[in-house]
There are 2 protein chains.
Amino acid sequence: MEKRRQVKLEDVAALAGVSKTTVSRVLNNRGYLSEATKQRVHEAMEQLHYRPNAIARQLFTQKTNLVGLVFPTVNDPFFGQLEAGLDECLYENSYRTLMGNSQNNPQKEEQYLQLLLNHQIDGLIVGAHNQAMPDYLQTNLPIVSIERAVAPQIPVVASDNYRGGQLATQRLLDAGCQHIIHTNYPKDVMTTNQDRRKAYEDLMSQAGYPAITYEVNYDTPMEEKKAIFARLFDEHPEVDGIFADNDTNAGLIIQVAKARGRRVPEDLKVVGFDGADGTRILFPELTTVQQSIDQMAAVAVNLLEQQIAGQTNVESVTLPVTLLEGTTG
Amino acid sequence: MEKRRQVKLEDVAALAGVSKTTVSRVLNNRGYLSEATKQRVHEAMEQLHYRPNAIARQLFTQKTNLVGLVFPTVNDPFFGQLEAGLDECLYENSYRTLMGNSQNNPQKEEQYLQLLLNHQIDGLIVGAHNQAMPDYLQTNLPIVSIERAVAPQIPVVASDNYRGGQLATQRLLDAGCQHIIHTNYPKDVMTTNQDRRKAYEDLMSQAGYPAITYEVNYDTPMEEKKAIFARLFDEHPEVDGIFADNDTNAGLIIQVAKARGRRVPEDLKVVGFDGADGTRILFPELTTVQQSIDQMAAVAVNLLEQQIAGQTNVESVTLPVTLLEGTTG
DNA sequence: TTGAAAGCGCTAACAC
DNA sequence: GTGTTAGCGCTTTCAA
């Protein structure tokens, strides 16, 4: 493959009849320069279509302005909105975004992290939903975690999941449900979703009802998820309310329920969790607990900025949730 | 800010008692090396937790293994699935993904492109939906476009949009609709969506009906979109069928219609376009034209690979679409 | 089978 | 105001 010869600083210097230093100064607008020189250099740059080589600069400055994002997938209303928000906020702080979709595969997540680190990223925002917590996260690389406890010293941005779980469960209880079932990740998955379960269990216990949780992992294929929900209805035909830990599962559950002749909300009430914008457009009827997704993104970037600026003891942040009234629950 | 001193190749060399060259050779598995040496070097690397600096390597090799993605937003069922697919395919080809959400803002798109180019990316995949076609796209950087004609020499991966438009319109005609309205981008937006409109217009003309298109831009805020659709119903109360150029608009239209007391599909039939997985979960009732999104991603990466490998005359690819039977149309 | 030295493109002391 | 020079961490001729 032919290597295209790039216009470099030296070429600009030659054309403008100055030294590399001067061009560099013009480029970075540093130091004293005569207007005439600036002018000539700018002209030379234009003429040659000069574009500075970020790699070379990065090698020197040890700063890449790159932030890595590691999430299960971007193909999801919640993560999609979140990553779009992160990208936007990072952009405003003049960072570029390196995307890594781990597909909830621990091995892939590790590989991604390795690669991102090799790329000398300036920071990392993680929200992958698995247990892999490699010890190279123990570097002093600025890291922010979203909805997931990674390590003690890493700040977490999360919704008030316990409160969300309360809102959802209470809503179903208020609607008169007596047999409420919950869906969530397996207990060993270290995500803050577990707080939603905790709230559900506490409220059910207080109300004197049994708490039953069906476990569905993030990377469970869709058909398999449907099979699990079908089993739910087989094993618990008395179910009259379901608190799903995310809207996608809520949608799937409603599909399965309807296919079995259950009417929603007459025979079965369903409350979801997330309330992403995309979901609101396609499925506005869904009653759900809405997270402040855009705010999460903004806060996360802010916490990362703080760390990059050298601040230590960056505090975790919990954000409020609201119940969104639909017709399914 | 204190600069963390990184372990470098030289440190490994010192510890292993060999030269930098040797370590580099071990790293890249190149040249002849005695097993004993390899062993010692590997041990030293482990001991020091050595991680090669990709930036330094990139400066030399002029290859970053980075591919830029420029799309309007990742917060959308279609683009979300597409970018997730691209990221996955690129990952398999050992490329990392640099994300750029242009928000359909030409200025932001240009800035993104500049930044991506400065980062010395190895290739670019674009699907932004605006007219900005900067002439620095005329570099010999490998580029693939998705669903958008950028420049003659840049290969495009697109669905058979004309066929899709036919399928959708014909479906509505077959269902007995006589007043079918279409939504699409303004005519000057250079996207292949215009082929959907063309098909609609051709079929309407053949059937002897007038063709009416309401124009909605990608970046139109949601409330404004709703206002446009409300206007649609005001101006054309006789409408009995709508072919929306994407599922999100279809969803919005159905919301507006229902709010005005129209029953779908009894009073109004709606057919969308895209058929992304996420949409299928949340709104399975929607009749829509499904694009082969995952395949688009795979093909796009393949075309990019071809260009990176030095191949010229890379051909554009058109992919098939299918009508997905729902209950709304 | 291994090492010395030059250089990728840029920046920043330190001179003048 | 501007230039000289060294060096960021790595790879690769070329020589031994």
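So you know, we letter chains A, B, ... as the sequences are listed, proteins then strands, and number each from 1.
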Heavy-atom nearest pair, A:L303 first then A:E315, reads CD1-O, 3.6 Å
Side-chain N or O of B:R30 versus OP1/OP2 of D:dT11: is the shortest distance under 4.0 Å?
no
Report which part of the nucleic acid B:S24 touches: base, sugar-phosphate, or nothing (heavy-atom distance under 4.0 Å, all strands).
base
Residue whose nearest DNA chain D nucleotide is more 5′ - B:L27 or A:K38
A:K38
Report yes if a side-chain nitrogen or oxygen of A:Y50 is closer than 4.0 Å to either non-bridging phosphate oxygen (OP1 or OP2) of C:dG9; otherwise report no.
no
Any side-chain to backbone donor/acceptor pair from A:R148 onto A:G127? Under 3.5 Å, distance only.
no
Should A:Q62 be listed as having a side-chain N or O under 4.0 Å from OP1 or OP2 of D:dG9?
yes
Could you grab the distance from atom CZ of A:R96 to atom CG of A:D87, nearest 0.5 Å is fine?
7.5 Å
Check this one for me: any side-chain N or O of A:T21 less than 4.0 Å away from OP1 or OP2 of D:dG3?
no
For the pair made of CG in A:L9 and P in D:dG3, what is the distance, rounded to whole Å?
12 Å
Can you find a side chain N or O atom of B:Y32 that sits less than 4.0 Å from OP1 or OP2 on C:dG3?
no
I want to check one thing: is the phosphate of D:dT11, taken as OP1 and OP2, less than 4.0 Å away from some side-chain N or O of B:N28?
yes
Kindly say if B:T37 contacts the phosphate of C:dT2, meaning a side-chain N or O under 4.0 Å from OP1 or OP2.
yes
